[in-house]
Structure formats: structure tokens, C-alpha cells
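The figures here come from the full heavy-atom set of this structure, side chains too, leaving out hydrogens, waters and symmetry mates. Keep in mind that this is a model prediction, so the values were computed, not measured. Below, chain A is the first sequence line, B the second, and so on; all start at residue 1.
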Amino acid sequence: MESHLLNAIHSSLHINQLRQVHALVTTKYQSLNFHFIRRLLNLSFTGYARRLFDQMPRQNQRLHNVFIAAYSRLCLNTEAIDMFVMMHRKNSLIGSFTIPPVVKSCSALLVIELGKQIHSLAIHYGFGSNLFVQTAFMDFYAKSGDLDSARIVFDGISVKDPISYNCLISAYSKTGDVSAARRLFDGMTERTVVSWNSMISCYAHNGDHHEAILMFERMQVEKYCPNEFTLVILLSICAKLGDLEMGLKVKKFIDDTNAFPNMIVATALMEMFVKCGAVDEARQEFDRMNKRDIVTWGAMIAGYAQNGRPSDALELFECMKHEQIRPNDVTIASVLTACAQLGSAEAGERIGSYIESEGFNSNVYVASALLSMYSRCGNIKKAQQVFDKMLEKDIVSWNSMITGLAFNGYAIDAINLFEQMKETEVKPNDITFVALLTACTHVGLIDLGLEFFDRMLSVHDIVPKVEHYACIVDLFCRCGKLNEAFDFILEMKVEPNVVIWGTLLSACRIHSNVELAEIAVKKLQVLEPENSGNYVLLSNLYANSGRWQDALRVRSLMRDEKVQKTAAYSWIELEDGVHKFLVSDSSHSKSDEICIIVEGLSMQSVSDESDIYVEFCL
DNA sequence: TTAGGGTTAG
């Protein structure tokens, strides 16, 4: 009967089955109590198990151990530590199996002092040279950022297994000490796939993608078979590099070896396509998955948002809600980016109230995206409200608000907000200065703009990038100081790009400066020979100055170089979608009606000075 | 002991 009952305990999956067994255990077979409680803990019924534990007259070491291990595994770290402390106070015998899980909970909660005390205790009990205990403390010190102590523990291990090595390799990897990690790896006599993965991941996380790929190749030469972890690490490298060619090779490897990649591999594959700009291929992977979790959904929605396809992002978000999957902070942040791109105040309002009602706005990512969305949809008041309510403000929150003010015409407020930011712990970055210089540009504050530009490096230690130079060029150009802009370009410490020359060229058109326009166009012809806009601008400029021959020459140059003039569309977004119009375009379904009304409008504007109110629906 | 999605600027 006893063995029959033990089988019943081990095979029970449902709480009701266990309750039936319980009645027998408590009355007749108390020796099975341990197995019963362990089964309950394995099935995560911690409360039920704990009530039984508390009712028992005597609890032995094994029983304490299974509780501490279960609590730690289920991330109930405080409970794990409390149980250990209770055990110690009751003078219960502590064993080597008691230590690793409680140390893990100390790492998770970052209770450093307690962890160190437990370490002394473990040595006192004579577990100082137990491999499992040593590995646990090594991991604890590594996670606490105390690599020196982790190393001392490692050096004290007499017979090191691959796990001890791997653990320290990944610790060095996290602190960026790649060479220390590599020395350990090279010193290993016996490696596992995990050792290779840890080393590849170490190079990848520290930016040395080339070396990561070399290690992957060497791993295969040495006959180690890559596993799913290896593939995910490689795919994330391809994603970071935007290397579609290599990404496709990894995909082929997966297709050849793994008929059904797991969810993490499939998500990494999607992410690789997304970051390489191949959104439709990413969607194919998404559609192919037979099971999707919130990370999958989130990756695809973000993929659309990051690749300028906001409508697809929102459509997929609706799909996700339809499948009863509750969005989290990550999905919401991407959806907000999509709304901001649409610039649609109505969609923005809708998602804004949803977020507030569901309580998502306490997350920094969500709050920054929300305020940014409001400001891009033109609702600066709402943006300011979100910003003011934020309890935690990071650099992105400040940048979003400064940018929002700058773009909505509140340049002085943007600059004042920067002054407020300087009073905080948050340090400005390159994006902060793009926003500040934009603000100066909008109100023509040349001197202040130049001062900000100088202070970037001298005070804030930020090297100006080409976009900062572009802001200054724009600042000069908008004030009509074209020669100063040109001199500034010549002295730039980075190579001027199309934005720089394009800004100068546009200013030349406005201020009819043919001489500088010719220089700018020459530069642009090299940088973007296919862009017809530059040729058109120059040709028009010649025509306006009466230089017809030159104007014709540019036009014929365009023909010779086969540069096509791209059509300029006007467009308007209404409730039912986007309506595009081209010159002489009659493709719109209500084209005739529109033409009649436009004609009427122009007739009236000639004959009648009074205000005209015309209602027309597209 | 090794693995996947997010916010700002251009």
C-alpha cells in the first residue's frame, strides 16, 4: 500500500488528486509526508505545502532543503532566505545542499552582506571545498559585481569542472573584461558547448563581432555541434550588424537541422530580418510559428514600428488583443512609436486613454514614448502633463520633452528645461544637443546655438556628430548667412553629408545664391547622383536669374545621366485613410467632384472678396 | 554556466 501511495503522490498532477492522497498520508502513513510535500512544491503549491510543514511537530534538514530550493526556483527569494534564517536559529543542521539555493536568492535580491555571512558560515561548517557550494558563491560574487572575490573562490577550487569555468567566463564578459574571459577559455582542458557559447556571446556583447564569428567557425572545426543558444547568439550578431547574408546562412542551418525551431530561436530569426530591414520576411517567420508568446508579438509590432510601417504595427496590435493576449510595457511602447509616426491625434488620444486606464504609464519607456507621441501629434500640453507626472526621469524622458518643446515652437521653454535638467543627476547626451540646436534654429538664436555647440565638447565631453554640424549650418542658413554657413562647412571635423549640402542648397534657392548653389550641387552629384531634386533646384535657380542656357544645360544633363524627376505628391489623412494627389492626377474616385469644387473656389476668389465656406467630403 | 521584443534625435 505504501509504495502504491508513493506512486500516486508522484503521478498526481491535480490538486484534488493530492487532497485525496493527503487524507491517507496524515492518518496512516506519516513517513510519506516528505514525498507528499515535495510533490506539492514541484507543482508550485507552496502555500498548501507550507501549512503542512508548519503543522508538523519536527522538521528535518531534508524538508527545509526542499522548501529553500523550491522558493528559490520560484523566485520567492525572501521566503527562501527566511526559511534559511529560521533553520539557523533553530540550530537545525545545515547541509551542503542547503547553501546553493539560498545563496542564489541572496544574489537575486542583492543582499550582499547576508550572502557574505552565509559564506563564512558555509566555511565554518566545512563546505568550503564543496564544488557546488563554491560555484554558488562564485556566481554570487560575480552577480554582486565583486569579480575579485569571485576569482578567489574560483582559484580555490581544486578540481574545476567546465561549469566553474563557464560561470567565471560569463562574469568577465558582463564586466567587459574580454581578455580575462579568453585566458580562462584557453586554459580549459575540457570544454562544453556552453563554454563555446559563453565565449562567442562574450565577444558579441562586447562589440567584437568578427572574433565571435571566428570562434563559431573554430567551434565547428573542433567538432562541437552548435545548439539553439549558439544560433540565437549568432542571429543577434547578424541583427546588430544588419548582415542579412550571414543571417540567411544561419536560417539555412536551422532549416536543415531543426524542423521546428523553438520560440526563442524563431523570435531571434524574426529580429534578424527586422533589423536587416526585411520586415515582410520577418512576418513570414511570425506567421509560420505554431505558438507565440508576448515577446514574439512584441518583436513583430516593434519591427513594423521601427521600419516606418505604423499602420501594420497598429493592425497587428489589434490582432493580438483579439487573440486575448494582454499587452505589456514593451508592446505598448512600440505601439506608441507607431502612433507618433502616424501623427494622428485621434489614434493617439485613443491609445493614450487606454494606457492611462490600464496603468501602463508608470514605466519609463512607456511614459517617454507617450509624451513623445503627444508632442508629435501636436498636443504639447498633454506631453507636458505626462512629463510632470513622471516619478523617474531618465535621459530619454528629458530629451523627449526638450525635443517636443523645440518642435512645437516653444524654443525658449526647451532651453529653460535644459537648464532644469542640469540641476539633476541626468547627464545630457548627443541627442539633447540636437534638440537644443533645433530649438535655437527655430527662433534664430545664432550666438546661443554656437555657444551650445562649443560647450558640447569643452564642458560636456560630447564629440559633435554630423547632425550637430547640420543644425549649425541650418542656423546660419535660416538667418541668410550663407557665406558663414559655407565657411563653417569647410572647417567641419567630419565629412559633410547630403543633409549638410542639401541644407545649403535649399538656402541658396531662397536667397538666390547661384555661386554657392553650384558648389553644393557638385558635392551632391557625387553623394547622391540619383536624386533629381538637387538638379531641379539648380535649374530653377538659373532660370530665376535669367541664365536660361545654364538651366537648359542642367536639364539635358539630367537626361544624359538618366535622372528621373520623382513625382511630388500632396496628401491628406482622413478617418478612412490617406488620400494622395499628383499633378494632373484623375485617379481619385471623387476626382470630378473635387475638380468642380476647386474650380468654384478659384472662381469665387477672383470675383468675390467675402469669406467662402465650402464643405466637401472626400 | 550560454539565448529572444521596447522609449528620444536625424
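The distance from atom CE of A:Met421 to atom P of B:dT8 is 16 Å, rounded to the nearest whole Å. Atom CH2 in A:Trp501 sits roughly 19 Å away from atom C1' in B:dG10 (whole-Å rounding). Per the geometry, CG belonging to A:Leu131 stands 12 Å off P belonging to B:dT1, to the nearest Å. Rounded to whole Å, the distance from CD on A:Glu392 to P on B:dT8 is 17 Å. At whole-Å resolution of the value, CZ in A:Phe433 and P in B:dA9 are 17 Å apart. Computed from coordinates, the A:Lys160 NZ to B:dT1 C1' distance equals 16 Å when rounded to whole Å. Residue A:Ile395 contributes atom CD1, which lies 11 Å from atom C1' of B:dA9 at whole-angstrom precision. Atoms CD1 (A:Ile163) and P (B:dT1) sit 8 Å apart, rounded to a whole Å.
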Which letter, B, S or -, goes with each nucleotide of nucleotides 2-7 of chain B from 5' to 3', with contact meaning a protein heavy atom under 4.0 Å? BBBBBB
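Ring planes of A:Tyr224 and A:Trp196: tilted class, angle from 30 to 60°.
For A:Arg191 and B:dT1, the shortest distance from a side-chain N or O to OP1 or OP2 is not below 4.0 Å.
A:Leu524 CG to A:Leu505 CG: the interatomic distance, rounded to the nearest 0.5 Å, is 6.0 Å.
Taking the ring centroids of A:Phe433 and A:His460, they lie under the 6.0 Å cut-off.
Under the ring-ring contact (aromatic ring centres under 6.0 Å, His included) criterion, A:Tyr141 pairs with A:His119, sequence neighbours left out. In this structure, A:Phe229 has no ring-ring contact (aromatic ring centres under 6.0 Å, His included) partners at least two apart in sequence or on a different chain.
Counting any heavy atom pair closer than 4.0 Å across all strands shown, A:Arg376 reaches sugar-phosphate atoms only and no base atom. The residue A:Phe407 sits close only to the backbone: its heavy atoms come under 4.0 Å of sugar-phosphate atoms, none of a base. In this structure, A:Lys240 reaches neither bases nor backbone, as no heavy-atom distance under 4.0 Å exists between it and the strands shown.
A donor-acceptor pair shorter than 3.5 Å cannot be found between the side chains of A:Ser400 and A:Ser397. Between the side chains of A:Asn166 and A:Ser198, not a single donor N or O lies within less than 3.5 Å of an accepting N or O.
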